[in-house]
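Predicted model only: the values in this text are computed from it and were never measured.
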Amino acid sequence: MTPTLAEGLTLFEEGKYFLAHEIWEEEWVDAPADERDFLQGIIHVTIAMHHASSGNARGSVMQARKALKRLESYPPVHRSVSVDNARRFAHSIIEMEGKAPPPAPRLRAT
């Protein structure tokens, strides 16, 4: 796990979704092609949580759908991130549109 990925996970766990997304974008800029969808996927999950926590259900659903597309080809755990939890969260955002958002997923794989 890179320091940038770890820092983003810590920020995400602290509920600092927008900051986590900005940190991961720094890594995404220089990422190899085979890692870009992964990083974009977790960025979309993060922005989905940011929108959900601020009451923007429509924006949250749009980001969740983007996350699912980006993360579909990755294994359950990738680079110490629980891709399965990210996907489950994205599905729950879509299913609960217009209702209270689900709790943030645990992205750091244990």
Side-chain angles (χ1 to χ4, degrees):
M1 178 182 302
T2 63
T4 306
L5 185 58
E7 183 181 358
L9 286 171
T10 298
L11 290 167
F12 185 91
E13 290 166 354
E14 293 173 351
K16 298 174 182 171
Y17 308 117
F18 193 80
L19 290 175
H21 130 273
E22 288 194 340
I23 293 295
W24 288 332
E25 278 190 344
E26 290 176 19
E27 185 163 335
W28 171 80
V29 169
D30 296 320
D34 61 340
E35 289 296 308
R36 291 179 70 83
D37 276 345
F38 165 72
L39 291 165
Q40 285 178 321
I42 62 172
I43 289 167
H44 287 306
V45 165
T46 303
I47 295 301
M49 190 61 216
H50 173 73
H51 284 315
S53 65
S54 63
N56 181 355
R58 183 170 183 244
S60 183
V61 169
M62 288 173 52
Q63 293 297 316
R65 287 188 175 128
K66 290 178 185 180
L68 288 172
K69 281 185 176 183
R70 296 287 185 181
L71 295 173
E72 68 186 357
S73 66
Y74 288 90
V77 174
H78 182 71
R79 296 180 60 192
S80 300
V81 172
S82 176
V83 176
D84 271 356
N85 285 352
R87 285 189 285 243
R88 276 193 290 274
F89 172 75
H91 282 293
S92 68
I93 284 285
I94 293 166
E95 292 168 5
M96 297 176 71
E97 183 176 5
K99 299 177 186 167
R106 176 153 176 82
L107 294 182
R108 192 182 308 264
T110 53

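Here the CD atom belonging to Glu95 is positioned 12.0 Å from the CZ atom belonging to Arg88, to the nearest 0.5 angstrom. One finds the CD atom of Glu22 at 8.0 Å from the CD1 atom of Ile47 (value rounded to the nearest 0.5 Å). Atoms NZ and CD, from Lys69 and Gln40 in turn, are 12.5 Å apart once rounded to the nearest 0.5 Å. The distance from the CG atom of Leu9 to the OG atom of Ser80 is 8.5 Å, given to the nearest 0.5 Å.
Across Thr46, Leu11, Thr10, a single residue satisfies side chain to side chain contact (heavy atoms under 4.5 Å, CB included) together with Leu19, and that is Leu11.
The shortest heavy-atom contact between Gly41 and Ala67 is O-CB, 3.6 Å. Residues Ile42 and Leu71 approach most closely at N-CD2, 4.2 Å, considering heavy atoms. Closest approach of Asn56 and Gly59 over heavy atoms only: OD1-N, 2.8 Å. For the pair Ile94 and Ala64, the tightest heavy-atom approach, listed with the atom from each and the gap, is CG1-CB, 4.0 Å. Taking each heavy atom of Ala31 and Leu39 in turn, the nearest pair found is CB-CD1, 3.6 Å. Taking each heavy atom of Phe89 and Ala48 in turn, the nearest pair found is CE2-CB, 4.3 Å.
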| query | Going through the distances and angles, do Val29 and Glu25 end up as a side chain to side chain contact (heavy atoms under 4.5 Å, CB included)? | reply | CA-CA 6 Å; Val29 169; Glu25 278 190 344; 5.5 Å; no
* To do: Please test Arg58 against Val61 for side chain to side chain contact (heavy atoms under 4.5 Å, CB included), starting from the C-alpha separation and ending with a verdict.
  => CA-CA 5 Å; Arg58 183 170 183 244; Val61 169; 6.0 Å; no
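Each ring pair (Phe, Tyr, Trp, His ring centres under 6.0 Å) pair with one or both residues in residues 33-63, not counting sequence neighbours, appears once here: Phe18-His50, Phe38-Tyr74, Phe38-His78.
Linking Ile, Leu, Val, Met, Phe, Trp and Tyr residues whenever their side-chain heavy atoms come within less than 4.5 Å places Leu68 and Met49 in a single cluster.
The side-chain heavy atoms of Val45 and Tyr17, taken from C-beta on, include no pair separated by under 4.5 Å.
Partners of Arg79 under the salt bridge (Lys or Arg N to Asp or Glu O under 4.0 Å) rule, at least two apart in sequence or in another chain, are Glu27, Glu35. For Glu13, the salt bridge (Lys or Arg N to Asp or Glu O under 4.0 Å) criterion is met by Arg106, Arg108, not counting sequence neighbours.
Panel note: side chain Arg36, backbone Trp28; a donor-acceptor pair is recorded below 3.5 Å. Ser60 contributes no side-chain N or O that, together with a main-chain N or O of Ala57, makes up a donor-acceptor pair within less than 3.5 Å.
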